[in-house]
Amino acid sequence: MVFGNQGALFMNAMTWWDHTTGSVWSQVWGRALDGELKGTELDLLPSQLVPWRTWKAEHPQTLAMEVDGLRLRRESFYSGYVIGVTLGDAAMAFPYEQAEDAGIINDAVGPHPVVVHVNPETRSVHVYLRQVEDRVLTFVQNGEVVQDQETGSTWSMDRGLAVEGPLRGQALRPVPHIPAYPNSWRDFHPESLWYDGT
């Protein structure tokens, strides 16, 4: 951690400079650390960090911007990161390798029941609230099929959508998550719980 020239605290992660207001923003928190908008927080939207081949397979009509002088390199994948989730005042880190081994994790972040799904072939990660109306669901993987134990409905975890069974057509609400180095997650969320596989 270092202090900037105006006394603001900066941690071991990227910060962004807002040229319009002169504010400095934390990448991890999405919060202005210094400047005119200090204390303002941005809304975190669900997103994915996946290999290009995975994205292209799921979204074949995608266009990519070419930049002169930019060289694409062979992808490398670092599996030692955590899937960081914050909901309200609660935070939890799910180590990627444990989530990959499990495939499906049913847990809670604070009072919010969540399901974490990792597809080891595509390396895609999805986090959803595992609740439909007033019913909390428990997800299990049966071979290549994901079902909820409560109704036996079959789910597409890439879309968070029930595709067969009593809940067909129901959708899970996606939860934003952040891929982070474990030490960086600890810096920014020292109160975070850590998934330990139990």
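We number each residue from 1, following the sequence as shown.
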* Can you measure from CE (Met92) to CD1 (Ile105) and round to the nearest 0.5 angstrom? => 9.5 Å
* **ring-ring contact (aromatic ring centres under 6.0 Å, His included) pairs, two or more places apart, involving residues 130-149** => Phe139-Trp155
* Asked: Val132 and Leu137: side chain to side chain contact (heavy atoms under 4.5 Å, CB included), yes or no, with the steps?
  -> CA-CA 7 Å; Val132 174; Leu137 303 175; 3.7 Å; yes
* Asked: What is the distance from atom OH of Tyr81 to atom CD of Glu97, rounded to the nearest 0.5 Å?
  -> 10.0 Å
* Asked: Roughly how far, to the nearest 0.5 Å, is OG of Ser156 from CD of Glu164?
  -> 11.0 Å
* Structure fact -> Between the OH atom in Tyr128 and the CG atom in Leu161, the distance rounded to the nearest 0.5 Å is 9.0 Å
* Nearest 0.5 Å, what's the CG-CD distance between Asp158 and Glu58? -> 4.5 Å
* Asked: Taking only residues two or more places apart in sequence or in another chain, which ones pass side chain to side chain contact (heavy atoms under 4.5 Å, CB included) with Thr138?
  -> Asn106, Arg130, Gln149, Glu150
* Knowing that exactly one of Tyr96, Trp185, Phe94 qualifies, which makes a ring-ring contact (aromatic ring centres under 6.0 Å, His included) with Tyr195? -> Phe94
* Ile104 and Val116, any side-chain heavy atoms less than 4.5 Å apart -> no
* Asked: For Gly152, does its backbone N or O pair with a side-chain atom of Gln147 as donor and acceptor, under 3.5 Å?
  -> yes
* All side chain to side chain contact (heavy atoms under 4.5 Å, CB included) counterparts of Asp89, not counting sequence neighbours -> none
* **Donor-acceptor pair, side chain of Asn142 and main chain of Val145, under 3.5 angstrom** => no
* Structure fact -> Tightest non-hydrogen contact, residues Asp18 and Thr21, listed as OD2-OG1, 2.7 Å
* Asked: What's the shortest heavy-atom distance between Ser153 and Gly165, and which atoms?
  -> OG-C, 3.7 Å
* Would a 4.5 Å heavy-atom cut-off, applied to side chains only, mark Val115 and Met157 as touching? -> yes
* Asked: Does Glu100 offer a backbone N or O that forms a donor-acceptor pair with the side chain of Gln98 under 3.5 Å?
  -> no
* Asked: Does one hydrophobic cluster hold both Val85 and Leu193, with members joined at side-chain heavy-atom distances below 4.5 Å?
  -> yes
* Would you mind reporting whether Val118 and Ile83 have side-chain heavy atoms less than 4.5 Å apart? => yes
* Asked: Checking side chain to side chain contact (heavy atoms under 4.5 Å, CB included) for the pair His177/His126: CA distance, chi angles, key distance, verdict?
  -> CA-CA 8 Å; His177 63 277; His126 295 89; 6.0 Å; no
* Side-chain donor/acceptor of Thr154 to backbone N/O of Val163, under 3.5 Å -> no
* Asked: For Pro113 and Pro111, which heavy atoms make the closest approach, and how far apart are they?
  -> CD-O, 3.4 Å
* Just by distance, do the side chain of Thr151 and the backbone of Pro166 share a donor-acceptor pair under 3.5 Å? -> no
* Structure fact -> When every non-hydrogen atom of Ala93 is compared with those of Ser192, the smallest separation belongs to N-OG, 3.5 Å
* **From Leu129 atom CG to Leu172 atom CG, the distance as rounded to the nearest 0.5 Å** => 8.5 Å
* Does the pair Val175 and Leu87 meet the rule for a side chain to side chain contact (heavy atoms under 4.5 Å, CB included), with working shown? -> CA-CA 8 Å; Val175 174; Leu87 285 168; 4.0 Å; yes
* Lys56 (side chain) donor-acceptor with Thr62 (main chain) under 3.5 angstrom -> yes
* **Pair Val109-Thr86, side chain to side chain contact (heavy atoms under 4.5 Å, CB included): steps then yes or no** => CA-CA 7 Å; Val109 178; Thr86 57; over 6 Å; no
* Do you reckon Val114 sits in the same ILVMFWY cluster as Val125, going by side-chain contacts under 4.5 Å, direct or chained? -> yes
* Asked: Which pair of non-hydrogen atoms, one from Asp134 and one from Gln131, has the smallest distance, and what is that distance?
  -> CA-NE2, 4.0 Å
